[in-house]
Amino acid sequence: MSALLEEAEAKLAPLSVARNLAWWESQVSATDENEERRTRAELAWSDALADAELFAHVKRERERGAGGEEERRLEILRNLMLPQQVPAELRAEIVELESSVEGRFSRHRGVVRGVEVDDTEIKRILRQSDDLAERREAWEASKTVGAEVADDVRRLARLRNEAARGLGYRDWFALSLAVDELDEGKLLETLQQADAATAEPFARWKGALDERLATRFGCAVSELRPWHYADPFFQELPPDGAVDLDGLFEGRDIVELSRRTFDGIELDVAGILGRSDLYPRGGKCQHAFCVDIDRGGDVRVLANVVANQESADTMLHELGHGVYDLGLSAELPWLLRSAHVVATEASAILFGSLARRRDWLQLVLGLGADEGADLADRLRASEAAELLVFARWVLVMNAFERGLYADPDRDLDALWWELVSRFQGVTPPDGRQAPDWAAKIHVAVVPVYYHSYLYGKIVALEIAAALEAAGGGIVDEPQAGARLRDELYAPGQSVRWDRLVEQVTGGPLAVASLAREVSAAVE
Ligand SMILES: [Zn+2]
């Protein structure tokens, strides 16, 4: 039996490296050649996981009940292989389509005032411009990629459903949760609780924001439309009404600040930074991610760093994934030497949120103690408001994807705006008929993932509370780094994610921590 697992790992590990490298190259430089290479590597990986004989063998061994670490390896292997047990033509079609849609996202640039602009420039306009026509153009430019890929994203959803149904699942949404070891009933219950905990404080906070926006733009609150908000999806805390920290980051070296943050807790990120691709450039992925290439120390970050608060949050977030990958115990067998999505998002979110915390601003950024004291209340309110904005956005994404996979042929444009109005309180543009949902890259290439951010956020709050209770918190506290490494990172997937979380935080994931946090949001 051990032989079965070792053989499987020996076969999968190099294919996984090739796949990760090809993916990295395709994101660093979105050329046709890199996209083709990536598709080939993805197919080779998928072919290996589709091996029906191996899958049957794994199934038999699981039924026999191996116990201990071997049983866990079999479980992880089964979860990897299950979605690939579909006809080869269908698998290939999905892989090729995903790769092609992602390539179009990387290459696409919106146009504002006749000039091609990247996502950073669109966001800058939405944060800063008082010119309503320009704002509207920027918002519309942020959605043009949606129109370009919508038909293929819809097709992808149909194909993914076909694969899931062939495996006996209701749809792709249900299959994704199952292989991520997430219980659908518990997820829906958690989302409902998050909705209940945030609806009222969000409405109050947003009511105050809308008043300020109406004053700023000289219109009635009822005339506010999506381009009055500070980012294309209203998924981030706007600088207005909170604490605009961007001024503090101007001219600062964000990468150096990130290195300094992790040095302070004795987690070494120099190796990661040396392998990374961190600054904006044409033909490059406009988002940010961290990838563990080989589960052996080659961890890289792709980012588009500029000198502002959001970039600091992003860098700390991605490095929060990176230190997790580096902290996985080298003793673990290959299959277990990886992180569960919820646990790694928790680590990432924990570090990302430091960039708006008083202790980090003082100790790492060098903000004076008096200024820190002046900001303290507003920082707390802004942290709570950020959580509200984020939670409402997750509710949109989750409900949309549930609807998408329940029926990919329904009127998705209408569903999208119905959910955006309900959960975010944003009024759709009059008479708009456009696939704005397809402009959100996750729907196409990271499907059924958004709830992991919410779970991750809740777990991050619980970990922060546990570290606080142990004394000192995180910033410049090496024992916090050691605890994260030993308790959260090192076990990898040898322990199921929900039990791991309990071990680290002292209790099961619960919305109570979120509810407590958001109560500070209303100024
Ligand atoms: Zn992340």
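Computed from a predicted structure; not experimentally measured.
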- Angle class for the W393/Y450 ring planes (parallel below 30°, perpendicular above 60°, tilted otherwise)? perpendicular

- Say whether H317 and E345, considering side chains only, have a donor N or O and an acceptor N or O under 3.5 Å apart. yes

- Query: Is a side-chain donor-acceptor pair under 3.5 Å present for Y453 with N398?
  - Reply: no

- Query: If you count the non-hydrogen atoms of other residues, nucleotides and ligands that lie under 6.0 Å from CG in D131, is the total more than 12?
  - Reply: yes

- Lys/Arg N to Asp/Glu carboxylate O, R392 vs D195, below 4.0 Å: yes

- Query: Hey, mind stepping through D476 and R260 against salt bridge (charged side-chain N to carboxylate O under 4.0 Å, His left out) and telling me if it holds?
  - Reply: CA-CA 9 Å; D476 287 349; R260 159 73 185 80; 2.9 Å; yes

- Message: Run the salt bridge (charged side-chain N to carboxylate O under 4.0 Å, His left out) test on R124 and E121 for me, step by step, so that the C-alpha distance in whole Å, both residues' side-chain angles and the decisive distance to 0.1 Å come before the verdict.
- Response: CA-CA 5 Å; R124 192 201 57 75; E121 174 59 10; 2.9 Å; yes

- Query: Between R154 (side chain) and P408 (backbone), is there a donor-acceptor pair under 3.5 Å?
  - Reply: yes

- Is there a side-chain contact between Q286 and I441, using heavy atoms and a 4.5 Å cut-off? no

- Specify the closest pair of heavy atoms between S276 and L278, including all atoms of both residues, with the distance to one decimal. CB-CD2, 3.6 Å

- Message: Please determine whether a side-chain nitrogen of the Lys or Arg among E98 and R160 lies less than 4.0 Å from a carboxylate oxygen of the Asp or Glu.
- Response: yes

- Query: Distance-only, no hydrogens or angles: does the T505 side chain make a donor-acceptor pair with backbone N or O of V501 under 3.5 Å?
  - Reply: yes

- Verify, without hydrogens or angle tests, whether N304 (side chain) and C285 (backbone) share a donor-acceptor contact under 3.5 angstrom. yes

- Working for side-chain contact (heavy atoms from CB on, under 4.5 Å), residues D436 and W139: CA-CA 11 Å; D436 296 328; W139 183 84; 4.0 Å; yes

- Note on the structure: CZ of F249 to CG of D244, rounded to nearest 0.5 Å, is 10.5 Å

- Message: Hydrogens and angles aside, do S353 and R357 bring a side-chain donor and acceptor to less than 3.5 Å of each other?
- Response: no

- Quick one: sort the W416 and F233 rings into parallel, tilted or perpendicular, breaks at 30° and 60°. perpendicular

- If every non-hydrogen atom of V443 is compared with every non-hydrogen atom of P447, which pair is closest and at what distance? O-CB, 4.1 Å

- Query: If you look at every heavy atom in E25 and N34, which pair is closest and at what distance?
  - Reply: O-ND2, 3.4 Å

- Query: Distance only, no hydrogens: is a donor on one side chain within 3.5 Å (strictly under) of an acceptor on the other, for H340 and Y455?
  - Reply: no

- Would you say the side chains of S421 and W417 form a donor-acceptor pair under 3.5 Å? no

- Task: List the steps, then state whether side-chain contact (heavy atoms from CB on, under 4.5 Å) holds for L245 with L379.
- Result: CA-CA 10 Å; L245 298 174; L379 282 172; 4.1 Å; yes

- Evaluate the ring planes of W24 and F289, with Trp represented by its six-membered ring, and classify them as parallel (under 30°), tilted (30 to 60°) or perpendicular (over 60°). perpendicular

- Message: Determine whether F351 and F262 satisfy the following criterion, ring pair (Phe, Tyr, Trp, His ring centres under 6.0 Å), listing intermediate values before the conclusion.
- Response: CA-CA 9 Å; F351 285 106; F262 287 93; 4.6 Å; yes

- Task: Please lay out, stage by stage, how R225 and R135 fare under the test side-chain contact (heavy atoms from CB on, under 4.5 Å).
- Result: CA-CA 11 Å; R225 292 296 177 271; R135 297 184 68 88; over 6 Å; no

- Note on the structure: Only residue of E35, E42, R38 satisfying side chain to side chain contact (heavy atoms under 4.5 Å, CB included) with S26 is R38

- Note on the structure: Closest heavy-atom pair, A444 versus F105, reported as atoms and distance to 0.1 Å, is CB-CE1, 4.3 Å

- Message: Walk me through whether V291 and V301 qualify under side-chain contact (heavy atoms from CB on, under 4.5 Å).
- Response: CA-CA 6 Å; V291 58; V301 167; over 6 Å; no

- No-hydrogen, no-angle side-chain donor-acceptor test under 3.5 Å, S347 and H321: no

- Item | F173 ring center near Y405 ring center (under 6.0 Å) | no

- Which atom of I254 lies closest to which atom of A307, heavy atoms considered: CG1-CA, 3.9 Å

- Query: Are the side chain of Q128 and the backbone of K123 linked by a donor-acceptor contact shorter than 3.5 Å?
  - Reply: no

- Side chains of E96 and T39: is there a donor and an acceptor less than 3.5 Å apart? no

- Query: Does any N or O in the side chain of S311 come within less than 3.5 Å of the main-chain N or O of V306, such that one atom is a donor and the other an acceptor?
  - Reply: yes

- Message: Please give me the minimum heavy-atom distance between D231 and E236, naming the atom from each residue.
- Response: OD2-N, 3.0 Å

- Can K440 and Q235 be counted as having a side-chain donor-acceptor contact under 3.5 angstrom? yes

